[in-house]
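First up is the structure itself, then whatever we jot down about it.
Side chains are part of it too, since the values below use all heavy atoms of this structure and drop only hydrogens, waters and symmetry mates. Remember, it's 1-based here, ligands and their atoms both numbered in the order they're listed.
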Amino acid sequence: MNFIKDSIFGRPDEPEKLKKKIPGPGVPILGDLPTATKWTLANPGKLPMHRTLELHGQFGPVYSFGVGSATFVIVGDPAMFRQVLTHEDFQEHINLPFLKTFGARKGIFMADYERWKVHRRFSHRILRDLGFGKIQMQDNILREATHLVDDLRSRCSEPVETRAAMSCAVSNVINQLVFGKRFDYSEPEFARQLDSARMVTNISLTLVFFPMMFPWLEGHPDVMKALPGSASFAEGYAFIKAFCKREIAWHKEKLDFNNNEADQPEDFITAFLREQVHQDPESEHYFTDDDLCDIVADFFVAGTDTTAVALTWAALLLAKHQDVQDQVRAELFYLGDTILEKQAGLHYTRAFWDEVLRFCMLVPLNMRHSVRETSVGGYRIPADTVVGANAYAVSRNAELFPEPEAFQPARFLDAEGCYCRSPAMDGLVFGAGKRGCMGESLARMEMLVFLASLVQNFQLELPEKERPRFSEIFIGEDGAVHQPKQHRILFTELHRD
Ligand code: HEM
C-alpha cells in the first residue's frame, strides 16, 4: 500500500532534510536577474526552457531562484514532477496578474478555487453530453479534415505556412463545439479570430513573469499595460472576448427556452444557457454571462493553438524524416474514415505521436503554486510558492529516454513492433491530476485524424530554402506554447492508383 502511495505522491520527506536550503543560481539582493541576463546574452536564440535544463544539470532535480519578491522552485525529477501535478498541495495554477489585468478571472484556468471547481465540473458534464472526446466528435473532425485537404490542395504549387492552415482546421472544431458553427477559411472575421488566438498564445514570458516578480504592478494596470508584448496580448484577448460576447447574445436571441424538446443541445453555449435559466440568480453558484464568456474564451484559447502547434511540429518532423513519413503513411493510407475505430492497432502512428509530443514539449514548464506549506524532494516549500513542474527536463532524461535529443518514434515500440506506452509520459504533455488538461481526448482525436488526412493526400517536404534553417526553426519560439519558428512546407498531392 505504501509503495503505491509513494510512487504516486512521492516519498514522505524526512524532517531533518527539510531544513536544507534549496540550491540555485543568483546573487544576494539582485537574485537571478544578473545570472539570467548573462545566460541570455551568451546564448542568443536559446529559450528559457533550455536554461531550465542546464540549471537542472548544475543544481539537481530541485532548484530555486528569486527575482524581485518572487521565489520560483523548479522540479525536474520524474517522481517529484508527478507529485507537483497530482498532489492536492499544488492544485492551483499560479496567479498571473497580467491575465487578471486583462479581465480573465472567471473562466476555468484563472478562476479562484471555489469558482474553478464548479465551472470545471459543470463544463465537463456539458462537454460529455456533447460527445466530447467520444466517437460522435469524429464526424465534425472528419468533415473539417476534408476542408483542410481542399485548402492545401488549392495551394499545392507553392510552400505553405503550415501553422496557419492547421489553426483554421483545429479552430473550426472548437467553433463547432462551442459556438455551433464553422467558418470558411477565407472569411476575414475568421482570420481576425485566429490572429487574436495567436497574439494571446505568443505571449512573451516577460509579461508572464515580470508582474509576479514585482507584485505592486498589480495595483498599476497602466504600467502593466505598457510592458513589452502587452498591447498585442490585450488586443488579441479583447477581440476573443468581444467575439464570445456577441455569440452569447446571438444564442440568447435565437434560443427558445420553452422548448424542452432540445434534450441534446447542439453546442456549449446553448447547453450553458439552458442550465442558467434553472438556477437561482441569488445563489453563489449562479452562472453569469461573464462566467460563460470567460469559460468559452478559455476553451477557444486553450483548444486552438495548442493542437494546431502540435500538428505543425508533426508536419515539420514528417517533412524532415521521410522514412518516418513513409511508415506513418503505410499504416494510415488505406484507412479512410475508419481511423478512430482502428486506432488501437495503429502501433507506429501512436509511437510517432508520443515521440512528437515528447520531442517538441509544447508546455515545457507546468506552473502551479503551493496552497499550503509542504515539501518536495526533501525541501520545505512555504505556502504560496510558485512551483514549476519541469516537463522539458523529464523529456530530456536519458535514463527514461536514451539519446533524448534524437527523434526516434521506435523508442515507443517493443521488439514485435507493437506500441508500448512509457509510464514516463504520464502527465508530461497534458498535465495531470485535478487540474490536468480538459481537452486531451479531443486533442488526441484531432491529431490523429488531421495527421491521417495529411499523409493520405500529400507528400510533405521541406523546401530547399528552409533546409539550412532547420536547427533555427527547431529551437523554436517561446510563448504559452513552445512553437517552431515560422517556416513553410511543400505539400505535393498524392494520387491513389
Ligand atoms: C495538444 C493539445 C493540448 C495540450 C498540449 C494541452 C496542454 C495542457 C496543459 C499542460 C494544461 C495544464 C495542466 C496541468 O496543470 O496539469 C492544460 C490545461 C487546460 N487545457 Fe489543455 N492542452 C491541449 C489541448 C486542449 C484542448 C483541445 C482544450 C479544450 C477544448 C484544452 C483545454 C484546457 C483547459 C480548459 C485547461 C485548464 C484546466 C484547469 O485549470 O482545470 N486543452 N492543457
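Taking distances strictly below 2.8 Å, the protein N/O/S atoms close to atom 21 (Fe) of ligand 1 are C437 SG.
Sparse packing is recorded around CD of E399, with 12 or fewer heavy atoms of other residues, nucleotides or ligands lying under 6.0 Å away. Around the CD atom of E403, the shell of radius 6.0 Å holds no more than 12 heavy atoms that belong to other residues, nucleotides or ligands.
In this structure, V296 and C244 approach most closely via the heavy-atom pair CG1-SG, 3.6 Å.
D289 pairs in a salt bridge (Lys or Arg N to Asp or Glu O under 4.0 Å) with only one of the listed residues (R246, K252, K245), which is K252. With respect to F412, the side-chain contact (heavy atoms from CB on, under 4.5 Å) criterion is satisfied by exactly one of R350, E355, R421: E355. When each of V371, T385, T374 is tested with F90 by the rule side-chain contact (heavy atoms from CB on, under 4.5 Å), just one qualifies, namely T374.
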>> Applying ring-ring contact (aromatic ring centres under 6.0 Å, His included) to F470 and F474, what does each step give before you reach the verdict?
In response: CA-CA 6 Å; F470 188 77; F474 237 89; 4.6 Å; yes
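Atom 30 (C) of ligand 1 has I174 CD1, 3.5 Å as its closest protein atom, hydrogens excluded (heavy atom only). What sits closest to atom 16 (O) of ligand 1 on the protein, heavy atoms only, is R368 NH2, 2.7 Å. Considering only non-hydrogen protein atoms, atom 13 (C) of ligand 1 sits nearest to R435 O, 3.3 Å. Of all protein heavy atoms, the one lying nearest to atom 37 (C) of ligand 1 is F109 CD1, 3.5 Å. If you check which protein heavy atom lies closest to atom 10 (C) of ligand 1, you get V429 O, 3.5 Å.
Ligand 1 is approached by N366 to a heavy-atom distance shorter than 4.0 Å.
Considering backbone and side-chain N/O atoms, R120 comes within less than 3.5 Å of an N/O atom of ligand 1. Any N or O atom pair closer than 3.5 Å counts here, and A432 shares at least one such pair with ligand 1.
Between F122 and F272, the ring planes are perpendicular. Angles over 60° get that label, and only those under 30° would be called parallel.
Within the structure, the side chain to side chain donor-acceptor pair (under 3.5 Å) test picks out no pair touching residues 309-320 (sequence neighbours left out).
In summary, D32 and R51 engage in a salt bridge, as defined by a charged side-chain N under 4.0 Å from a carboxylate O. The existence of a salt bridge linking K181 and E247 is confirmed by a sub-4.0 Å separation between a basic side-chain nitrogen and an acidic carboxylate oxygen.
When each atom of ligand 1 is checked for a heavy atom of L362 under 4.0 Å away, the hits are 1 (C), 5 (C). Remark: ligand 1 atoms within the under-4.0 Å shell around heavy atoms of G436 are 13 (C), 16 (O), 38 (C).
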